[in-house]
Amino acid sequence: MALVAARGTLLRAGVRLGTEAAACGRNGTRRSASHRVLVEPDAAAGIATIKFKNPPVNSLTLEFLTELIICLEKLENDKTFRGVILTSNSPGIFSAGLDLREMCGKNPAHYAEYWRAVQELWLKLYVSNMILVAAINGASPAGGCLMSLSCDYRVLADNPRYKVGLNETLLGIVAPFWFRDTLVNTIGHRASERALQLGLLFPPAEALQVGMVDQVVPEDQVHSTALSVITQWLAIPDHARQLTKSMMRKATTDNLIKQREADIQNFVSFISRDSIQKSLQMYIEKLKQKKS
Ligand SMILES: CCCCCCC/C=C/C(=O)SCCNC(=O)CCNC(=O)[C@H](O)C(C)(C)COP(=O)(O)OP(=O)(O)OC[C@H]1O[C@@H](n2cnc3c(N)ncnc32)[C@H](O)[C@@H]1OP(=O)(O)O
């Protein structure tokens, strides 16, 4: 159902599925997956690199989310690809997380459609059969950080401006239970409690120390490191690795799947509150003022 909804959104957005489908094909040459998702397939190695290209900050708009979901599904169904690197086409910003404008001043039906797409992306990432490595080449707050936490391994560029974390409380909003669970599964309960309550954004050395990322490397080595990690993981027999991943992660995704509709309703009523709308608008204003 979610994919049908996603395709509906894409068609409304004027994205041609034929072009998009071809883009996630197995050719060795670089192709553009869609407007916002670039795919660089290396069929011989069985690895594809997905590059986020949704300027200015790779925020997760509904259209971008939908393109990512469809691209991941194509790769998942194409047995050529066993590993995927997620990275940004604009070094400096991995992803600014959920698009604030999608959560501000819209109607409940829009919020529901948006949240279903956010859930769908997480589900696709978290229990993917493929090996997913995040090559984090820029700042990655909130939903951007969630994407990387949903991968199997995270490599972060060593730049003090590239902070990662779930900073929702700083916006006056609350990370939902499945964001929390993803963080707890990665860094443990106590560290998550502190990080979530304070909305901490960790610079590289701290991110490594707390376990938000697995490796910090010089900026120009992020992609090559991600590649060599995937190559090591590819040496493990797929069925054994996939079953183990599922054993580790399925309870977490099942928890959302069984209450998916309630989670959407909860999001819609939370985000529609006047007080939350005001907080988000103030945050957007603050981002604008930062410039002037
Ligand atoms: C019960 C459920 C409750 C709800 C749960 C909801 C969970 C939410 C998860 C989220 O992901 S919320 C989003 C959190 N994201 C952030 O806090 C990031 C905010 N952005 C930044 O900190 C910075 O922009 C940056 C990413 C560090 C980049 O900094 P830089 O200086 O390079 O660019 P800016 O000048 O700040 O931004 C350029 C441009 O982009 C706009 N923008 C930035 N972030 C977002 C965003 N998340 N959504 C939409 N737009 C964004 C920013 O306003 C600027 O716009 P203009 O002024 O040029 O129009």
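We count ligands from 1, going down the list as the structure has it; atoms in each ligand are counted the same way.
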Side-chain donor-acceptor distances from residues 233-242 under 3.5 Å, at least two apart:
| from | atom 1 | to | atom 2 | distance (Å) |
| --- | --- | --- | --- | --- |
| D238 | OD1 | R82 | NE | 3.4 |
| D238 | OD1 | R82 | NH2 | 3.3 |
| D238 | OD2 | R82 | NE | 2.7 |
| R241 | NH2 | N129 | O | 2.7 |
| Q242 | NE2 | N129 | O | 3.3 |

*No-hydrogen, no-angle side-chain donor-acceptor test under 3.5 Å, N58 and S95*: no

Short N or O separations between ligand 1 and the protein, below 3.5 Å:
| from | atom 1 | to | atom 2 | distance (Å) |
| --- | --- | --- | --- | --- |
| ligand 1 | 11 (O) | L98 | N | 2.8 |
| ligand 1 | 11 (O) | G143 | N | 2.9 |
| ligand 1 | 15 (N) | A96 | O | 2.8 |
| ligand 1 | 17 (O) | N167 | ND2 | 3.1 |
| ligand 1 | 17 (O) | Y283 | OH | 2.7 |
| ligand 1 | 31 (O) | K290 | NZ | 3.0 |
| ligand 1 | 36 (O) | K290 | NZ | 2.6 |
| ligand 1 | 47 (N) | A96 | O | 3.2 |
| ligand 1 | 47 (N) | L98 | O | 3.0 |
| ligand 1 | 48 (N) | L100 | N | 2.9 |
| ligand 1 | 57 (O) | K291 | NZ | 3.1 |
| ligand 1 | 58 (O) | K291 | NZ | 2.4 |
| ligand 1 | 59 (O) | K288 | NZ | 3.4 |

_Taking ring pair (Phe, Tyr, Trp, His ring centres under 6.0 Å) as the cut-off, I'd like each qualifying pair that reaches into residues 257-292, sequence neighbours left out, listed once._
W115-F267

_For H189, is the NE2 atom crowded, meaning more than 12 foreign heavy atoms sit under 6.0 Å from it?_
no

*Only pairs at least two apart or in different chains count here, so list each side-chain hydrogen bond (donor to acceptor under 3.5 Å, both in side chains) that has a residue in residues 169-184.*
W122-T182, W178-D263

*Does F64 have R36 sitting over its ring (NZ/CZ under 6.0 Å from centre, angle to axis within 45°)?*
no

